[in-house]
Structure formats: C-alpha cells, structure tokens
Amino acid sequence: MATDAHNPLQTLEQVFGFTAYRPNQEVLVNGVLAGKDVFGVMPTGGGKSLCYQLPAVILPGCAVVLSPLIALMKDQVDNACAMGIKAACITSHVTLDEKREIARAYRDGTLDLLYVAPERLALGSFIDFLQQRPPSFFAIDEAHCISEWGHDFRPDYMFLGELKNLFPQVPCAAFTATATEKVAIDIKTRLRLHDPVAVRASFDRTNLFYEVRSRTDGNQQLLDFIQDQPQGSSGIVYRTTRKTVEETAEFLSRNGIQAQAYHAGMEAGERTKIQDDYIRDHYQVIVATVAFGMGIDKPDVRFVVHYDLPKTIEGYYQETGRAGRDGDPSRCLLLHSSSDVAKIGYLIDLSEEDEEKKRNWALLRQMDRYASSSVCRRKSLLGYFGEVYARENCGACDVCAGHFKEIEATYEARVMLSAIARTKQRFGSAYLCEIVTGANTDRIRSFGHNELKTYGLGKGKPRPYWRRLIDALLAENYLVISEGEYPVPQMTAAGQALMKGEGEFHLREDTRIEPSKARKNTTAANDDPEYDQSIFEVLRKLRTKISDEESVPPYVVFSDRTLRQMAAYQPKNESEFGRLHGVGKAKLERYAEQFLAELNAYLEEVPELREKAVAIKRV
Ligand code: ADP
Ligand code: ZN
C-alpha cells in the first residue's frame, strides 16, 4: 500500500482512523520500522495488532504473521481488509486457486500482511517460498505459546526458534499478553531475539470495573446485574460445570436474555458455530466453562461474570481480561461464596501428588482471600503480578467506589462461633445458618440442635447475613475449612479467643443499592459526548445487517465507539463522517453513504433529536 514511510501517524489516521497511539505502541511501531527486533508484553486489549499492522502497511513487501488460532486469523484478516489493508491468510480452508492467487500477490509485493499458522511455516516448501522473497518482518502473535512455562504451550511454536537461523536478516516482532516474567524471558531466549526494542506495559486495564458480591441468590443476582447493563450489552458468564452452565443459560433464557450454553462436552463444530454467532451479536450472553473465550476476538464484551469462585487469580485475571478489549468501560463481577472453596478443594484433594495439592490449595486460598478482602481490587490484582499500584483510589472497583462500610458484629460472630463449637465443628455453613436463625427442620430436631443455647439467637437477621458472616470469619482466619471429604468450617485459635470474649469483630457491609432498584445508567467512554440511545440502536441494527450480509463480525464494520460518536455528533456529510473515531479512508468510502442515509432518515422521523447533536470534533 502506498503510504508515507516517514509519517506513521498519518497512516494511523488514514488507514485506522485513530488520532493517537495507545501507550507503548509508538515505540514498538518505530522499532519495527527501523528494522529492529521488538518484543511487546502488553495486556489483552492493549492494541498489539496495530504494532505490526501499521509497519506492515508502511514497509515495502509483505509481513508474515504467525498466529495460533485459525478462527482468530480469519477475523483479523477481515478486519484488516475492511480498513483497506491488503491481507490474506493461508490455512487448510483456503482453496488451491486462492493459494496461488495469494502467492502471486506476495511475490508481486502487493500484499501487506500474510497470516499463517506455525505448523505451515515448518513445511520446507513454505520456507523455500519465503526465501525467494523474504518478508519485511515476522510478527509472532501469542508468543508465549513457545514457552513450556506458560499456560498455552504449543509444540508447533518451537519451530519459530529456527526463524533467526533461516532468515538472519529478517526482523522479528514478538507479542504476548503473558504477565509472568519467567515466561517473558523464555520467549526472548527461544526466539533468539537480537537486542530487541522491548516494552513491558502495565497490566492495569483501566477501563475495567472490578467488583465482588456475596452470592446469596446467584441466579437472581446475575439477572439483576445483566438487566442493569446498557441494553444489548454482550457478556460472558463463567460457571464451573457443564450442568451448571446449562442450568444458568436456561434460567437466563426463561427470563428474556438471549443466552447460550457453551462447554467442552459439545461437539467441536457446534462450539465454533456458537462462537461465530456470538461474535456476530446473535446471542447476548454466553454461559460457559472456562474453555470459552480463548480463541475469540470480540472487542466489545461489556461484562464478564464469575458465578463461582475461580481456582487461581491468574486464571481469573485472564478471563476478566476478555472484557472491554476496545477500551470502553466494562464490568467484571465475581459472585463469591466461601462454600465454593470446599467444593474446589475437594477436587484438589483428589489429585495424587502432594506437591500439586499444596500448590493448588495455596492458589485457591489466595483467590478466596482476594474475594473476601477489603483492599482495592486493582491493587490486589496487580500486586499479584508483581506490579505496585501507587494510587490511593483506583476509581474503578467496588472497594474504591465506597460500596462497603464496616459495621460492628462482635456479638453476632460470637453467636456463630459458639454454634460451631456446640455442634462439635461437624456441620456445614448452610446448616449452621439454619441453627442460628432457628429453622424448624426435621434434621435439626433429629440432632436435638433445637435445644442448643444458640438456636434461634440470630433470628433478627436474615440467613444471607449469617452466610456472609461465616465468609468473613473465614477470610480473617477465625475459621478455616477442614480438609477431607466433607469440608466444614472449624475454629482456629483466633476464633476460640474471639468466642471467649477477646477482641472485636467487624463485618464489611455492602452498601450498594441493588441494581434492579438503581437508576439505569448508560456506560459511555469517559471522553465521549452524550448520545441518544435510540439513534445508537438504529445504527446498530444497520451494522448488524451489513455484518450479516458481508459475513464479518460487527466490529469489523464499526466499533461501538464509532456508533456512539455517530449518534452524538450526527455527521451531515462525508467530511464530517470521516472525522469519527475509527473511520479511515476505506471505511469512509465503503460505509459512509449507508450510515448517513440511515441516520438522516431516522432524524427526519424524529426531528427533535437533531437538537441533541453535539458539535463535532475528532476524538
Ligand atoms: P490485543 O491484541 O492487544 O488484545 P487489539 O490489537 O485487538 O488488542 O486491539 C484492541 C482494540 O483496540 C481494537 O478494537 C483496536 O481497534 C483498538 N485500538 C488499537 N490501537 C488503537 C489506537 N491507537 N487508538 C484507538 N483504538 C485502538
Ligand atoms: Zn480500587
């Protein structure tokens, strides 16, 4: 593509429709343009693709991108093509004729980007082909797949270590979202990167709001939460088992949410179809086991809910990272109940190896502590990855938003602890809550627990309160969950002391208004102007229609942010349209007319909306 080699910023604007770099992109882009090896460790949504797409457009010849997942590759190619970049991918789905066509374009130098899977690169014939005209550079996406220390090791990636031998003159640009330092070092060594321009970005995802709520009635809490999000927001709900995945998906569907179950028990074809339909906005919510989300590139996931306690903080952070890749505000909710610790712990105990058992228990306890603590979520999460978060208030987590207040609960704690002592530390949390609230059940009577001094002492407070109290006592080590087949809360020395009258106990009370009762608010990007939701919906429908016709994901047409700006600024002509975020030359030519016509038709129907137009500026 003919662009000005000396002015990448101009290409950024003309091709991508962006006015500025995201943090760290500039250094990496300039590194590649200068013919150096580069190594970018950036979180999901950090904008890694641009770091190789932009130089690929500017540099003569074609860049070869190694990417592990075919589904992802195709979407990336569609996305690049929609911006007018000459991109293609070679996979087993490409016909022989198409392959010849791609090879010809590559040789003629009319291709900018060629995506291939690492196993193809390992073929001698493909290497010969590339050696006839070496690529402008190699870009290695998801580079952590080369490391055995990482969580996604792929033997195919090992071959990439040979690239430096086979193509000593061709620069290598490697990218990963892996946060651990050990893996980063491993990648650099294995790829034999030569004095790379290296960037390690902060893993802080500033657009994500983290919150944890005590799980009392999970389904209802989930439904309230989803209904509180702006209309039509896409989300992922993680559950641990196939059965619960199906139950929750059904529950949501019954309540008017377009939800779909997804789990490893489904056949591969069916899973791919669900992913594709989700990316194309045919479902609003996917309820899935953690298998979902790895290979999908949907930038506008607006919320991720963990219905059950995740096993590790690293896994949790990665899953929440699938929200808000486009940089728009998104929410990550964890529904927490310490009873999950027992369930997961039971599975951990099944493993044969002692070392593994110990490690997994430690990881699980860390996760549970995170969920029960009252420290800024961001600070805890980043701290886990060795990053110090210096600000006092992150402004985007439940703790910093002031959702909690401390209330004195010493008396209540003593009631619960003594109920535990009097039942010989042999019963689970649910049963203990029944005892203190004086439930009239056969089971309680059969044990004679209705005769206990603590029976019914806590009637004045609802059962979920007592449940939270147990969670809090666990979190602060007054109680621990016993190991073994029937894990139950048991008292620690600190618990004994508290029961006998030493010290005080405070409970964190969640003071947020339940979402169903809260005012519905729209989530707009911080610096975006106000827009009318009905205009946005009209534009969104048009986007879905075009995306279906062209069989590309909606975001390939335009991002939500572009649509919001369209709704707010109400551009009147192509020149104004071209100033919207994400509108480069190619998209202007391709879509401006249709969107302007749709916008205008709607504004003629509802002329009073014209008064809401905001003066246009390029953001
Ligand atoms: P990653 O691969 O690091 O997870 P992507 O490359 O998919 O992230 O980029 C995430 C999103 O950010 C995409 O929607 C992309 O269009 C957008 N983006 C990237 N760079 C910029 C930029 N400089 N300005 C605005 N948006 C950007
Ligand atoms: Zn915070």
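- You'll find the side chain of M266 reaches within 4.5 Å of the side chain of I274, heavy atoms only.
- The pair D276-K298 fails the salt-bridge criterion, with no side-chain N (NZ, NE, NH1 or NH2) lying under 4.0 Å from an Asp/Glu carboxylate O.
- Using a 30° and 60° split on the angle between ring planes, Y531 and F536 fall in the tilted class, from 30° to 60°.
- Formation of a donor-acceptor pair under 3.5 Å by the Q565 side chain with backbone atoms of H581 is found in this model.
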Handout entry: Check against side-chain contact (heavy atoms from CB on, under 4.5 Å), Q258 and V285
Key = CA-CA 6 Å; Q258 283 179 307; V285 176; over 6 Å; no
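- Annotation for K243: atom NZ does not count as buried by contact number, only 12 or fewer foreign heavy atoms lying within 6.0 Å.
- Counting heavy atoms from C-beta on, the side chains of E530 and V614 never come closer than 4.5 Å.
- Within the 3.5 Å criterion, the main-chain N or O of A201 finds no donor-acceptor partner in the side chain of N24.
- For the pair R331 and F303, the cation-pi criterion (under 6.0 Å, within 45° of the ring axis) is not fulfilled.
- In summary, the side chains of S547 and T544 do not present any donor paired with an acceptor at a separation below 3.5 Å, with no hydrogens or angles considered.
- A donor-acceptor pair under 3.5 Å links the side-chain atoms of N207 to the main chain of G324, judged by distance alone.
- The backbone N or O of Q229 lies less than 3.5 Å from no partner atom in the side chain of S233, so there is not a single donor-acceptor pair.
- For the residue pair A177 and K48, the shortest heavy atom distance occurs at CB-NZ, 3.8 Å.
- Classification of E101 and R104 as a salt-bridged pair holds, one side-chain N sitting under 4.0 Å from a carboxylate O.
- Ion pairing between a basic and an acidic side chain is recognised when a charged N comes within 4.0 Å of a carboxylate O; K273 and E270 show no such pairing.
- Defined by atom type and a distance below 3.5 Å, a donor-acceptor pair is missing between the side-chain atoms of D204 and T206.
- T272 and Q275 share no donor-acceptor pair across their side chains, judged by distance under 3.5 Å alone.
- The two residues P310 and L334 come nearest to each other via the heavy atoms CD-CD1, 3.7 Å.
- With a 6.0 Å radius and a threshold of 12 heavy atoms from other residues, nucleotides or ligands, Q594 has its CD atom above the threshold.
- In terms of modelled atom types and a separation under 3.5 Å, the side chain of S559 and the main chain of Y555 share no donor-acceptor contact.
- Side-chain contact between M566 and P571 is present, with heavy atoms from C-beta onward closer than 4.5 Å.
- Between L12 and Y21, some side-chain heavy-atom pair lies under the 4.5 Å cut-off.
- For the pair E142/C145, a side-chain contact is recorded, criterion being any heavy-atom separation below 4.5 Å from C-beta on.
- R215 forms no cation-pi arrangement with Y307, by the criterion of a distance under 6.0 Å to the ring centre and an angle within 45° of the ring axis.
- A ring-centre distance under 6.0 Å is not found for Y591 and F577.
- Taking all atoms of both residues into account, the shortest heavy-atom contact from I140 to Y157 is CG2-CE2, 3.9 Å.
- Nearest heavy atom pair, residue D156 against residue E119, reads OD2-OE1, 3.2 Å.
- Salt-bridge check for E549 with K545: passed, with a basic side-chain N closer than 4.0 Å to an acidic carboxylate O.
- For the residue pair E319/Y238, the side-chain donor-acceptor check at 3.5 Å is not satisfied.
- In this structure, OG1 on T240 lies 12.5 Å from NE2 on H263, to the nearest 0.5 angstrom.
- Checked options V557, D548, T562; the residue passing with R543 is V557 (criterion: side-chain contact (heavy atoms from CB on, under 4.5 Å)).
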Exercise for the section: Before giving the answer on salt bridge (Lys or Arg N to Asp or Glu O under 4.0 Å), spell out for R239 and D308 the whole-Å C-alpha distance, their side-chain angles and the decisive distance to 0.1 Å. Expected result: CA-CA 6 Å; R239 298 231 51 183; D308 309 281; 2.9 Å; yes
Problem - Derivation and outcome, side-chain contact (heavy atoms from CB on, under 4.5 Å), residues L309 and L364 - result: CA-CA 9 Å; L309 189 70; L364 179 62; 4.1 Å; yes
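- Using a 4.5 Å heavy-atom cutoff, the side chains of F251 and L223 are in contact.
- To the nearest 0.5 Å, the span separating NE2 on H306 from NE2 on H336 amounts to 13.0 Å.
- In this structure, the separation between CD on Q25 and SG on C51 is 5.0 Å, given to the nearest 0.5 Å.
- The aromatic rings of Y52 and Y115 stand perpendicular to each other, their planes meeting at an angle above 60°, with 30° marking the opposite boundary.
- A donor-acceptor pair shorter than 3.5 Å cannot be found between the side chains of S234 and R302.
- Considering CZ of R579 and OG1 of T19, their distance stands at 12.0 Å, rounded to 0.5 Å.
- T248 places no side-chain N or O within donor-acceptor distance of the main-chain N or O of V245, the cut-off being under 3.5 Å.
- Side-chain atoms of E576 come within 3.5 Å of backbone atoms of K572 as a donor-acceptor pair (strictly under, hydrogens ignored).
- The existence of a salt bridge linking K612 and D532 is confirmed by a sub-4.0 Å separation between a basic side-chain nitrogen and an acidic carboxylate oxygen.
- Exactly one of Y569, Y602, F558 qualifies for a ring-ring contact (aromatic ring centres under 6.0 Å, His included) with F595. That residue is F558.
- With contacts defined as side-chain heavy-atom distances shorter than 4.5 Å, the pair S534/L609 qualifies.
- For an aromatic pair to be called close, the ring centres must be under 6.0 Å apart, and Y278 with Y283 fails this.
- Here the CG-CE distance, from D78 to M83, works out to 11.0 Å after rounding to the nearest 0.5 Å.
- The shortest non-hydrogen separation linking P68 to D141 is CD-O, 4.2 Å.
- Between K343 and D340, at least one side-chain nitrogen of the basic residue sits less than 4.0 Å from a carboxylate oxygen of the acidic one, meeting the salt-bridge criterion.
- If you check the side chains of H282 and Q260, you find no donor sitting under 3.5 Å from an acceptor.
- Aromatic rings of Y384 and Y317 (six-membered ring for Trp) have centroids beyond the 6.0 Å cut-off, not under it.
- The heavy-atom pair separating L596 from E574 by the smallest distance is CD1-N, 3.9 Å.
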Handout entry: Residues R377, V399; criterion side-chain contact (heavy atoms from CB on, under 4.5 Å); working and verdict
Key = CA-CA 7 Å; R377 310 281 177 204; V399 177; 3.9 Å; yes
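- Ionic pairing of D560 and R564 is not present here: no N-O contact between side-chain nitrogen and carboxylate oxygen is shorter than 4.0 angstrom.
- Between the CD atom in E247 and the CG atom in L252 there is a gap of 12.0 Å [rounded to 0.5 Å].
- At least one side-chain heavy atom of L603 sits less than 4.5 Å from a side-chain heavy atom of Q570.
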Problem - R590 and E550: CA distance, side-chain angles, deciding distance, salt bridge (Lys or Arg N to Asp or Glu O under 4.0 Å) verdict - result: CA-CA 12 Å; R590 192 153 178 177; E550 300 186 355; 3.4 Å; yes
Practice task
Output, in order, the C-alpha distance, side-chain angles, deciding distance and verdict of side-chain contact (heavy atoms from CB on, under 4.5 Å) for L542 and V538.
Solution key: CA-CA 7 Å; L542 175 61; V538 168; over 6 Å; no
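- A donor-acceptor contact under 3.5 angstrom links the side chains of S339 and S337, judged on distance only.
- A salt bridge links R213 with E211: at least one charged nitrogen is closer than 4.0 Å to a carboxylate oxygen.
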